[in-house]
Amino acid sequence: MSGAGAVKAPAAVSRPSVIQLSIKEKAALFAAYIPLFETGGIFVPSAREHRLGDDLYLLISLPEDPQRYPIAGKVAWITPARSAGNRTQGVGVRFPSDDVSQQLKMRIEEILGSRLGSDRPTQTI
């Protein structure tokens with residue numbers, strides 16, 4: 001039924017994706033961590049379609065750390081399928097500037113220690 005009295009349904013609100021990211025080895029953490037972002041960031045392997053600026057809610061587990069870190073980040077870059085250099089498909093997520101993200105960034109850098117200065121290739125920019 002149409003006309004002046006018709007009620008439209010509200011537009012669907014896009015909710016952020018929730019991704020659990022469990023990193024079990026230091027080498028994998030080194031390959032995924034993005035120290036170039038001032039607030040820190042992480043590479044998330046994903047075949048899902050994401051756009052720059054999309055909100056992603058991450059639950060991150062680190063090697064040798066029982067704590068899970070809830071991070072509400074934003075997609076800052078995308079590695080598409082079949083990209084050059086045979087890189088893994090996924091997204092780079094920038095951490096927000098909040099206390100939990102700062103704790104996570106410090107913990108990652110503590111775990112990686114001297115590896116941060118390595119010139120080994122990573123999944124990141």
Side-chain angles (χ1 to χ4, degrees):
M1 184 173 174
S2 63
V7 177
K8 286 189 172 184
V13 176
S14 175
R15 292 175 31 156
S17 296
V18 177
I19 298 173
Q20 292 193 40
L21 184 63
S22 180
I23 302 173
K24 299 188 185 330
E25 300 169 355
K26 287 182 185 180
L29 180 59
F30 173 78
Y33 181 55
I34 308 169
L36 297 175
F37 294 155
E38 185 179 331
T39 55
I42 198 123
F43 176 79
V44 179
S46 176
R48 290 186 63 188
E49 188 174 318
H50 296 283
R51 292 189 308 254
L52 291 176
D54 280 357
D55 292 321
L56 285 184
Y57 188 77
L58 306 176
L59 290 172
I60 301 175
S61 300
L62 302 175
E64 304 167 17
D65 188 339
Q67 183 174 345
R68 285 180 26 176
Y69 297 85
I71 301 294
K74 290 205 177 281
V75 174
W77 101 79
I78 298 168
T79 303
R82 298 174 300 286
S83 65
N86 207 21
R87 292 175 109 48
T88 303
Q89 180 180 0
V91 293
V93 178
R94 181 187 313 261
F95 298 160
S97 57
D98 61 19
D99 290 343
V100 173
S101 296
Q102 283 309 109
Q103 286 177 347
L104 175 59
K105 181 180 185 330
M106 289 187 317
R107 183 65 181 125
I108 289 171
E109 291 179 356
E110 180 183 310
I111 291 169
L112 292 178
S114 63
R115 286 187 185 203
L116 281 173
S118 172
D119 56 1
R120 286 183 33 215
T122 69
Q123 294 294 334
T124 67
I125 50 178

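Using a 4.5 Å heavy-atom threshold, the side chains of L59 and I19 count as separate. Two residues are said to be in side-chain contact when any heavy atoms from C-beta on lie closer than 4.5 Å; Y69 and L21 fail this criterion. Side-chain contact between F37 and K105 is absent, with no heavy atoms from C-beta onward closer than 4.5 Å. Put simply, the side chain of P70 does not reach to within 4.5 Å of the side chain of L58, judged on heavy atoms.
Of all the heavy atoms in I111 and P63, the pair that sits closest is CD1-O, 3.5 Å. In terms of heavy atoms, R51 sits closest to V75 at O-CB, 3.5 Å. Heavy atoms only, all atoms of each residue included: G73 and P96 are closest at CA-CD, 4.2 Å.
Transitive grouping of hydrophobic side chains (ILVMFWY, heavy atoms separated by less than 4.5 Å) keeps M106 and I71 in distinct clusters.
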key: Worked verdict on L29 versus L62 for side-chain contact (heavy atoms from CB on, under 4.5 Å)   = CA-CA 8 Å; L29 180 59; L62 302 175; 3.8 Å; yes
message = Run the side-chain contact (heavy atoms from CB on, under 4.5 Å) test on I78 and L52 for me, step by step, so that the C-alpha distance in whole Å, both residues' side-chain angles and the decisive distance to 0.1 Å come before the verdict.
response = CA-CA 7 Å; I78 298 168; L52 291 176; 4.3 Å; yes
query = Where do F30 and I23 land on the side-chain contact (heavy atoms from CB on, under 4.5 Å) test, with the steps shown first?
reply = CA-CA 10 Å; F30 173 78; I23 302 173; over 6 Å; no
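Applying the salt bridge (Lys or Arg N to Asp or Glu O under 4.0 Å) definition to pairs two or more places apart or across chains, those involving residues 65-74 are D55-K74, D65-R107. Residue pairs meeting the salt bridge (Lys or Arg N to Asp or Glu O under 4.0 Å) criterion with at least one member in residues 32-44: none, sequence neighbours excluded.
Annotation: side chain to side chain donor-acceptor pair (under 3.5 Å) contacts of S22 (sequence neighbours excluded): K24. Under the side chain to side chain donor-acceptor pair (under 3.5 Å) criterion, K26 pairs with no residue at all, not counting sequence neighbours. With sequence neighbours excluded, no residue forms a side chain to side chain donor-acceptor pair (under 3.5 Å) with Q102.
Annotation: E110, atom CD; neighbour count of heavy atoms from other residues, nucleotides and ligands within 6.0 Å is above 12.
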Identify each donor-acceptor pair in which a side-chain atom of residues 41-49 lies under 3.5 Å from a protein atom, sequence neighbours left out, and give them as a table.
unit_1, atom_1, unit_2, atom_2, d
S46, OG, R48, N, 3.2
S46, OG, H50, NE2, 3.3
R48, NH1, S17, OG, 3.1
R48, NH2, S17, OG, 3.3

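Here the CZ-CH2 distance, from R94 to W77, works out to 10.0 Å after rounding to the nearest 0.5 Å. The distance from atom CD1 of I108 to atom CD of Q103, rounded to the nearest 0.5 Å, is 12.0 Å.
Within the 3.5 Å criterion, the main-chain N or O of S97 finds no donor-acceptor partner in the side chain of T39.
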